[in-house]
Student: 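After the structure tokens below, expect a handful of questions from me.
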Protein chains: 2
Amino acid sequence: MISQPSLVDLACEEIKRLIANGDLGADERLFEPRLAAQLGISRPPLREALRILAAQHIIEQTPRRGYRVVSLSQNDVDEIYGLRYVLEKFALDQLIPKLPDADFHDLEETVTRMWDAARNDDAVGVFIANRDFHLTLVAMAGHRRLQQAYSTLMDQMQLYMSRNLSIEAQTHGGLLEGCKRHERLLESLRSGDAAAIAEAFTAHGERRYLPISAAQASIW
Amino acid sequence: MISQPSLVDLACEEIKRLIANGDLGADERLFEPRLAAQLGISRPPLREALRILAAQHIIEQTPRRGYRVVSLSQNDVDEIYGLRYVLEKFALDQLIPKLPDADFHDLEETVTRMWDAARNDDAVGVFIANRDFHLTLVAMAGHRRLQQAYSTLMDQMQLYMSRNLSIEAQTHGGLLEGCKRHERLLESLRSGDAAAIAEAFTAHGERRYLPISAAQASIW
DNA sequence: CAAAAGAATACTGTCTACATTCAACGTCGA
DNA sequence: TCGACGTTGAATGTAGACAGTATTCTTTTG
């Protein structure tokens, strides 16, 4: 059963897009009347959308002083990466027992996309494929709350990165190198060997998680 | 700078209270007009509150069919406990390096409260003290997003438990036994020895996390 | 008697409008 | 010239009303 999305849902997506595009910068205030007019909706549905985004830590609200786009400090980035690592590790732990019956199709598709984009030097394409790879991986764990928490975290990072850094500057070690690491991780998953998976995952994330400067935030 | 809480905040708290009290049962629909009248506010602030609670997975929304209190299946309980374990473990990892400079005052206070309540056979008091112990512990890690995720999870469990089970039935091993386990965990934290902490934490959570039936959900 | 269709009711989604509060700017005084 | 106070303007917090849609009950037909 499908239904047309409500204005609230549309507003959420559109505001996230505005932030990702850089139309709304870090620390920028969101004025309800202006934004409502810009989106062509009235304030009530917009306000509900803002509440949702605030709950996801994409914007923050201070009473009587409205909403503003969050600006991530170095500490914030460290927090996000640290939590992301833990959640993805947990996802793998949950996933490993299920691997024999797992369907790798979706995961393979993202890796294929990643290779294609990398060969065309399409950094944005690699970026998106990478994001989808990890979201798919976590989704395979079959843990709804985990998936939810993880994708919220990814959203926070993604919005920040597309705002502050050129994608190219964030691809440590080159596009093709990153593809290879994901390929290896996928292979280890196919093997189902827990030790190999742990190793591939650690190698994959080696330079990315744990003390990492905000300016060096990596897309992987 | 202080400011009076908005109706949205008040509505959030009140609705959570209604659920905890059992006035709103699992799977029960939340009718906006009725609820707004009951709370003495109009629908717009109520709707914003509902959006927030939905984002916290305390209620769920289906388009054009309103909101309903979530009902937790056994699988949901397993999910929450699993994630809670991972997050609290991560909190300890983050906390250990900071232990030499840590202030245990707040933590000690919750343990004191727990003992007092246990001696008076006050299961609800123990329940609350236990909750505060873990929230305080996680807060000491100094990781805002972690703390946020953790307390959201605790809310989900707490609301469910106070709805479905008598507190007494959930205190595995007796009230005093639980106090002792927390006391030991606190002692290990004071020692600062990582191995001892890990052991105390595992012993503390032994029977609680991982395959646990919904009916057996424990307060610890 | 049961099932399906239609009508009535009630709830959600959305909008317009009003009250309240905060922040910035200008003015007045020291 | 600098600081403080008051005023003004704009944005947030809230309320009430209307339109559209789902659900339920009743009625009618097979």
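Numbered from 1 within each chain, the chains take letters A, B, ... in sequence-line order. These numbers come from the heavy atoms of this one structure, side chains and all, not from hydrogens, waters or symmetry mates.
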Student: Using 30° and 60° as the class limits, which term best fits the ring planes of A/Tyr85 and A/Phe201: parallel, tilted or perpendicular?
Tutor: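 Plane angle under 30°, so parallel.
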Student: Over all strands shown, is B/Leu30 touching base, sugar-phosphate only, or nothing at heavy-atom distances under 4.0 angstrom?
Tutor: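 B/Leu30: backbone/sugar contact only, no base atoms under 4.0 Å.
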Student: Closest to the A/Val8 side chain: C/dC11, D/dT14, C/dT14?
Tutor: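 Shortest atom-to-atom distance from the side chain points to C/dT14.
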Student: Work out which heavy atom in B/Phe133 is nearest to a heavy atom in B/Leu107; give both atom names and the distance.
Tutor: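 The answer is O-CD1, 3.5 Å.
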Student: As a test of reading the structure: which of D/dA15, C/dT16, C/dT12 is closest to the side chain of A/Ser42, going by heavy atoms?
Tutor: C/dT16
Student: At under 4.0 Å, does any side-chain N or O of B/Arg43 touch on OP1 or OP2 of C/dT12?
Tutor: no
Student: Tell me: CD1 of B/Ile41 to C1' of D/dA15, nearest whole Å?
Tutor: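 Rounded to the whole Å, the gap is 11 Å.
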Student: Checking contacts here: which listed nucleotide (D/dA15, C/dT14, D/dA11) is nearest the side-chain heavy atoms of B/Leu7?
Tutor: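 Ranking D/dA15, C/dT14, D/dA11 by closest atom to the B/Leu7 side chain puts D/dA15 first.
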Student: OP1 or OP2 of C/dT12 sitting under 4.0 Å from any side-chain N/O of B/Arg47?
Tutor: no
Student: Send over the distance from B/Leu35 CG to C/dT12 P, rounded to a whole Å.
Tutor: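 Answer to the nearest Å: 10 Å.
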Student: Scan A/Arg34 against the nucleic acid and name what it touches under 4.0 Å (heavy atoms): base, sugar-phosphate only, or nothing.
Tutor: sugar-phosphate
Student: Under 4.0 Å between any heavy atoms, over every strand shown, what does B/Pro44 touch: base, sugar-phosphate, or nothing? Just pick one.
Tutor: base
Student: Within this structure, what is the OH-to-C1' distance between A/Tyr67 and C/dC22, rounded to whole angstrom?
Tutor: 16 Å
Student: With a 4.0 Å limit, can you tell me whether A/Gln61 has a side-chain N or O closer than that to the phosphate oxygens OP1/OP2 of D/dA11?
Tutor: no
Student: Salt bridge check, A/Glu28 against A/Arg68: does any charged N sit closer than 4.0 Å to a carboxylate O?
Tutor: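 Salt bridge flag = no for A/Glu28 with A/Arg68.
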Student: Measure from CG on B/Leu39 to C1' on D/dA15 and round the result to the nearest Å.
Tutor: 15 Å
Student: Identify, between A/Glu48 and B/Phe31, the residue whose nearest nucleotide on DNA chain C lies closer to the 5' end.
Tutor: B/Phe31
Student: Indicate yes or no: does B/Lys98 engage B/Asp101 in a salt bridge with an N to O separation below 4.0 Å.
Tutor: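 Looking at B/Lys98 and B/Asp101, the cut-off is not met.
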Student: Using the side-chain heavy atoms of A/Glu32, tell me which of these nucleotides is nearest: D/dT12, D/dT14, C/dC11.
Tutor: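 Selected nucleotide: D/dT12.
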Student: Would you give the length of the straight line joining atom CG of A/Leu186 to atom OG1 of A/Thr136, rounded to the nearest 0.5 angstrom?
Tutor: 11.0 Å
Student: From CG of A/Leu46 over to P of C/dT14, roughly how many Å is that when rounded to an integer?
Tutor: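 Spelled out: CG on A/Leu46 to P on C/dT14 is 12 Å.
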